[in-house]
Amino acid sequence: QDAKLTEFEDNDQKPVGFGRMLRKEDARLLRGRGRFVDDVQLPGMLHLAILRSPFAHANIVSIDTSAAEASPGVKAVVTGETLKGLGLAWMPTLSNDVQAVLATDRVRFQGQEVAFVVAEDRYQARDALELIDVEYEVLEPVVDVRKALSPDAPVIRTDLEGKTDNHVFDWETGDEEETNRVFASADVIVKEDIVYPRVHPAPMETCGSVADFDPVEGKLRLWSTTQAPHAHRTLYAIVAGLPEHKIQVIAPDIGGGFGNKVPIYPGYVHSIVGSIVTGKPVKWMEDRSENLISTGFARDYIMRAEIAATREGKILAIRTNVLADHGAFNGTAAPVKYPAGFFGVFTGSYDLQAAHCKMTAVYTNKAPGGVAYACSFRITEAVYLVERIVDALAYELQIDPAELRLKNFIQPEQFPYTTKTGWVYDSGDYEPTMRLAMEMAGYDELRKEQAEKRARGELMGIGIAFFTEAVGAGPRKNMDILGLGMADGCELRVHPTGKAVVRLSVKTQGQGHETTFAQIIAEELGIPPADIDVLHGDTDNTPFGLGTYGSRSTPVSGAAAALVARKVRDKAKLIASGMLEVSVADLDWVKGAFQVKGDPGRSVTIQEIAFRAHGAGDLPDGVEGGLEAQICYNPSNLTYPHGAYICVVDIDPGTAEVKVRRFIAVDDCGTRINPMIIEGQVHGGLTDGVGMALMEMISFDEDGNCLGASLMDYLIPTALEVPDWETGYTVTPSPHHPIGAKGIGESATVGSPPAIVNAVVDALKPFGIRHADMPLTPSRVWDAMRGQATPP
Ligand code: CDP
């Protein structure tokens, strides 16, 4: 262990950028020196608590706040009516809907914000909530998504003028006619109804904010748990009518986001209003139950999948019909032209003749969301669909699922490959990745072991998933969120002594940007990562950009960092030519220094150049002093990482408990910046996958009560439920990314659920089972073994 640490520490001092290196941010995070929103303490700060609806659907008849107002320490009680008077009762969501900041007319999900109290401390604020008297008239809730569009379903969004049903949007991709034609002539068609249940990102740190409005400066400072500080700032400016330059959004350390911290929540706005009303800083920090019942959930897709193939196992086409539950307000954050996110990649890693998807999204009386929980806008659902239906086909054709996949992969020479739904996969070489996973797993021996065990009545399953993701949203020509283009700025300053600071528009939530972005600059400029500070998460001090989610940081902002470093290097070259008195054409870049061609003895280091750039003496004609640059990077395409996952499970035939015995994950994220961080990202995502596949589900009773409101009911995985992960990699660089890197942050969350479910279904093969829905809890597996499907 010690030897390993020394190796890392040495690397830290090396000018070389890429490679294993201990995380710079861990110096503070592991010592408890991180500074999270809840650590922010300001003089005179007040505390805010939110009164939430106990009902999923009800009219608000009256609200009496008098007792709460008289309660000790209370400084303000605010209701929807108060906000209405200020024009602030509703706010836009990041997907072009509107959401109530506080309910005025009616409540539309259990946990919806009805009023808030600002008091001297958190306890007083919470106590005062008990004293608010709300009279509700309870309405029939829409809980079953399948009934949301029936003509007798109550209309949820009566706030939307002219709305007569619960329809959110229809969306379609691919060629329906062509797909039907291919299906009509196929030898084999396999159909399955597949549910991706509602799950929750459940970050370790819940959501919260501290708002401090200074009436003298007219400036609002907002510390908040946001993955996208700049986009939030713009939205606050639009909603509150405050000038944008007078709003500073600061995202300090964030304790995990996973998509949960992309939307703007009413609580953030409450703290702003609270601060304006009281003239004091106001802190809001939600508790675990509030986070689980009211903030962005994920998934909740009911998918009918069909696959068409030849008898020999050549996959011809896939079609699907999806019913999407978006809750009471469409609160996802998705690029405007992609209401279903990147679900269009449901064609997977296979070379198809045709594909088609039809989707209908509906409102229900549930919390708003559909956020991209550790995935790039609905890719998790798409990958699950294709990898499940391919396995169902393997089952029908009695072909080994690995062999079926190998037979149908898009071939390396076909890249860039345009899918039947219009996505241009940048690069890929799938077979070596798959073969490596099979080799690491000892696939053939595993199948032998399984056959022996089956003969003895033991339940062992081997599941495969092969995925292609689309990450790095996105090219501005077709991707924006509420009109904001999905590009990222980056600014780099090299100080006179050769130390540097790089400012990013993306925002780490624990995934190590302070290390990897320093490594990117180090790789390009030869300055050791330890000499480079990475600043992010403060809109006053970083360039504009759309933030971190959907594994977009490395594909977009990482490219920006590489390019801004190259810009600085270009300038450094001009200065070096002056210092060495040769023309720029006579200079070679050797990492960290410019050298005169053919005369290695004559060179200047980047540190010497930095001093000269700021120092005395003339610079070459036309060269300004200083050594810094700034860019805004607009990616030309997304990046398409891929991976092959193999899972081995054992099921206890007596209790139906699933044990993940082994899990082999081979990822390809192109150029690898920091393999240790990549492994950490993969380990975390795989653990997430075990949770989704086997344990997690946010469900509701028939009245719309959320049944997963605590971590006693909503089970998330721990070290006890997971095996020692076995990871491997291949490297297929992205041709359009300046350093060839693709995203990795979410690959494992995307790829692992189908591998695990495929393994469980494979173990249950002797029972004639072709599909079972997540989460595969012991009771569900038990029911499946007895031929009864548990309705999700
Ligand atoms: O957007 P987000 O940071 O969540 O995802 P990402 O860009 O995939 O990066 C996750 C972490 O892995 C970051 O610290 C990256 O810099 C690192 N990474 C890497 O070391 N090499 C890659 N090819 C991709 C990501």
Side-chain angles (χ1 to χ4, degrees), residues 11 17-26 29 201 203 226-228 251 254 256-262 333 371-377 379 426-427 469-474 486 488 490 502 504-523 529 532 534 536-537 545-562 633 635 638-643 667-685 688 727 729-734 737-751:
N11 202 6
F18 299 161
R20 283 179 184 272
M21 180 186 143
L22 286 179
R23 300 186 348 148
K24 285 154 67 90
E25 46 269 76
D26 283 349
L29 294 176
T226 170
Q227 297 178 224
I254 301 285
F258 313 110
N260 186 239
K261 290 171 180 164
V262 177
V371 297
Y373 161 21
C375 76
S376 188
F377 310 108
I379 276 185
D426 59 346
S427 64
E469 285 184 281
V471 304
M486 301 190 79
D488 276 294
C490 192
V502 60
L504 312 177
S505 57
V506 288
K507 169 67 208 163
T508 188
Q509 307 122 42
Q511 60 271 62
H513 290 178
E514 288 168 36
T515 308
T516 48
F517 279 79
Q519 289 184 274
I520 295 173
I521 303 293
E523 180 75 17
I532 302 164
V534 178
H536 53 94
L546 271 237
T548 290
Y549 38 85
S551 299
R552 67 185 296 281
S553 302
T554 306
V556 188
S557 216
Y633 178 75
L638 300 155
T639 67
Y640 293 80
H642 66 267
D667 276 284
D668 191 321
C669 60
T671 304
R672 295 155 62 82
I673 300 160
N674 186 329
M676 184 177 67
I677 286 186
I678 291 174
E679 281 160 21
Q681 294 285 291
V682 171
H683 287 189
D688 255 357
T727 55
Y729 66 94
T730 53
V731 176
T732 314
S734 166
H737 189 281
I739 56 170
K742 303 180 177 184
I744 187 66
E746 301 158 330
S747 297
T749 332
V750 168

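Order of appearance sets the numbers: ligands from 1, and atoms from 1 within every ligand. Side chains are part of it too, since the values below use all heavy atoms of this structure and drop only hydrogens, waters and symmetry mates. Here the structure is a predicted model, which means the values were calculated and not measured.
Each of the atoms 19 (C), 20 (O), 21 (N) of ligand 1 lies under 4.0 Å from some heavy atom of I678. Within the listing of ligand 1, atoms 22 (C), 23 (N), 24 (C) sit less than 4.0 angstrom from a heavy atom of K742. Atoms of ligand 1 found under 4.0 Å from any heavy atom of G512 (numbered from 1 in listed order, with element): 14 (O). Below 4.0 Å from some heavy atom of Q511 lie the following atoms of ligand 1, by number and element: 2 (P), 3 (O), 4 (O), 11 (C), 13 (C), 14 (O). Under a 4.0 Å criterion applied to the non-hydrogen atoms of R552, ligand 1 contributes the atoms 1 (O). In summary, the atoms of ligand 1 found under 4.0 Å from a heavy atom of G745, numbered by their order in the structure, are 5 (O), 6 (P), 8 (O). Near G743, the atoms of ligand 1 lying under 4.0 angstrom from a non-hydrogen atom of the residue are 8 (O).
Distances from atom 16 (O) of ligand 1 to the heavy atoms of N674, I677, T516 show the closest one on T516. Taking all heavy atoms of V682, I744, T548 into account, the minimum distance to atom 12 (O) of ligand 1 is reached by I744.
With a 4.0 Å heavy-atom cut-off, ligand 1 is reached by no atom of E746. Residue contacts with ligand 1 for I673 involve both N, CA, C or O and side-chain atoms from C-beta outward (heavy atoms, distance under 4.0 Å). With a heavy-atom cut-off of 4.0 Å, V506 does not touch ligand 1 at all.
At the top of the distance list for atom 3 (O) of ligand 1, counting protein heavy atoms only, stands H513 NE2, 2.6 Å. For atom 2 (P) of ligand 1, the closest non-hydrogen atom of the protein is S553 OG, 3.5 Å. Scanning the protein for heavy atoms near atom 23 (N) of ligand 1, the closest one is T671 O, 2.7 Å.
Distances shorter than 4.0 angstrom occur between a heavy atom of C669 and an atom of ligand 1. By the 4.0 Å heavy-atom criterion, P555 is counted among the residues contacting ligand 1.
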